[in-house]
Amino acid sequence: MQVNIKLEPIHKKLELFGPADSNLKLLRKNLDVQITARNEILTITGKAESVNAAAEALDKMQKHLIRSDSLGTADVMQFIEKHDMATEQASGQAITVYAQKKVIEPSTKGQLKYIETMLKNDVTFCIGPAGTGKTYLAVAVAVSMLRKKQIRRIVLARPAVEAGEKIGFLPGDIQAKVNPYLRPLFDALEDMMEFAQMRKFIELDIIEIIPLAFMRGRTLNDSVIICDEAQNTSPLQMLMVLTRLGLGSKMIITGDITQVDLEKGKVSGMVEAIAKLRRIKGIGYVELVEKDIVRHKLVQSIVRAYGKKDKS
């Protein structure tokens with residue numbers, strides 16, 4: 001049997017093949033297939049079952065590279081394990097967004113559980129270290145629901161908590177001062193739709209990216225509300241956010257409770273809310289951990305090193 005696969009994106013061909021074609025060698029060795037490359041086409045030959053498995057693995061490898069800048073040996077081995085239940089489930093949880101040819105899939109069991117929890121519950125708390133996809137996957141679910149017309153609005157909010165530099169000393173008007181705090185939310189959105197479309201949605205208030213304080217006094221119906229960096233909310237702020245939930249809406253609250261930037265002695269509203277609410281039906285709770293980190297492989301080592309320091 002022979003199958004031809006077109007490489008997309010072509011500019012990530014080197015990352016797909018791996019150093020000295022190491023990723024292709026893994027496919028050949030583990031799946032007993034022959035793989036040849038010519039321009040933008042990969043040709044796979046071998047037994048039907050093996051060729052199909054290799055084609056599926058390459059498809060997942062290419063999708064992984066669409067949303068990530070690296071593809072390691074561990075990633076490739078995960079994709080070529082034909083009986084890996086988590087991988088099979090993940091492929092069934094693909095999230096379609098506005099960007100052409102963009103499909104977002106969970107890369108770990110923890111991320112898969114996170115997506116399932118968000119879809120199942122009206123309120124979801126997610127904690128975890130940097131790089132685990134807390135914000136990115138929450139925005140992906142929101143954008144997907146907007147695309148399917150399951151909601152009418154996305155509201156993305158963050159507390160503007162200072163980390164060493166006083167906001168009053170920064171240049172510009174209030175919008176210029178709070179924009180740096182909201183930049184990660186813009187980055188996630190820009191990865192899921194064209195800039196012109198994102199700008200249009202923002203102008204029409206279909207997408208709102210705002211400091212947390214701007215939510216006070218509102219009731220948000222038919223919306224997905226994402227409160228990011230929620231470890232830096234006070235208990236009163238968290239109560240204010242939670243009570244914004246309107247009919248037909250979902251709320252996703254994310255944060256890393258090991259990196260609280262509140263003044264010493266102040267209680268995190270997120271930590272308090274999880275303790276009080278996590279057993280209520282309709283409220284989901286997910287904890288992502290070190291192995292769910294999908295950024296550069298060094299991020300796992302950095303998180304691990306700082307975790308050991310904190311415990312010593």
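Just so it is clear, the model here is predicted, and its values are computed rather than measured.
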Mind checking salt bridge (charged side-chain N to carboxylate O under 4.0 Å, His left out) for [X] and listing every partner two or more places apart, or none if nothing turns up?
| X | answer |
| --- | --- |
| R278 | none |
| D32 | none |
| D187 | R183 |
| R218 | E208 |

Which residues pass the side-chain contact (heavy atoms from CB on, under 4.5 Å) test with A37, sequence neighbours left out?
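In terms of side-chain contact (heavy atoms from CB on, under 4.5 Å), with neighbours along the sequence ignored, A37 is linked to F17, L42.
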Suppose we screen for side-chain contact (heavy atoms from CB on, under 4.5 Å). Which residues come up paired with Q259, at least two apart in sequence or across chains?
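For Q259 the side-chain contact (heavy atoms from CB on, under 4.5 Å) partners, ignoring immediate neighbours, are D256.
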Following the transitive rule for hydrophobic clusters with a side-chain heavy-atom cut-off under 4.5 Å over Ile, Leu, Val, Met, Phe, Trp and Tyr, establish whether L247 and I206 coincide in one cluster.
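Result: no, two separate clusters.
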Sequence neighbours excluded, which residues qualify as side-chain hydrogen bond (donor to acceptor under 3.5 Å, both in side chains) partners of [X]?
| X | answer |
| --- | --- |
| T43 | N4 |
| D228 | T135, R158, T254 |
| D21 | none |

Considering only distance and modelled atom types, tabulate donor-acceptor pairs under 3.5 Å from the side chains of residues 266-277, sequence neighbours left out.
from	atom 1	to	atom 2	distance (Å)
S268	OG	Q231	O	2.9
S268	OG	M270	N	3.3
S268	OG	V271	N	3.4

With a 4.5 Å limit on heavy-atom distance, are the side chains of [X] and [Y] in contact?
| X | Y | result |
| --- | --- | --- |
| L24 | R28 | yes |
| V76 | L71 | yes |
| V33 | T45 | no |

Quick one: ring-ring contact (aromatic ring centres under 6.0 Å, His included) pairs with a partner in residues 24-73, sequence neighbours left out?
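Checked against ring-ring contact (aromatic ring centres under 6.0 Å, His included) - neighbours excluded - the pairs reaching residues 24-73 are H64-F79.
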Sequence neighbours excluded, every pair satisfying ring-ring contact (aromatic ring centres under 6.0 Å, His included) that has a member inside residues 23-58:
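Checked against ring-ring contact (aromatic ring centres under 6.0 Å, His included) - neighbours excluded - no pair reaches residues 23-58.
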For the pair [X] (side chain) and [Y] (backbone), establish whether a donor and an acceptor sit closer than 3.5 Å, ignoring hydrogens and angles.
| X | Y | result |
| --- | --- | --- |
| Y114 | K134 | yes |
| K250 | L119 | yes |
| S223 | I154 | no |

D191-Y136 side chain donor-acceptor pair, cut-off 3.5 Å:
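Yes.
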Value rounded to 0.5 Å, distance of NZ in K63 from OG in S107:
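So the NZ of K63 and the OG of S107 are separated by 12.0 Å.
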Atom pair CG (L185) and CD1 (I209), whose distance is rounded to the nearest 0.5 Å:
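Atom-to-atom, L185:CG and I209:CD1 are 6.0 Å apart.
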Which atoms form the tightest heavy-atom contact between M240 and L212, and what is the distance?
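Residues M240 and L212, closest heavy atoms: CE-O, 3.6 Å.
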So that I can tick it off, tell me whether E203 and R199 are bridged by a salt bridge, with the cut-off set at under 4.0 angstrom between side-chain N and carboxylate O.
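Yes, charged N to carboxylate O under 4.0 Å.
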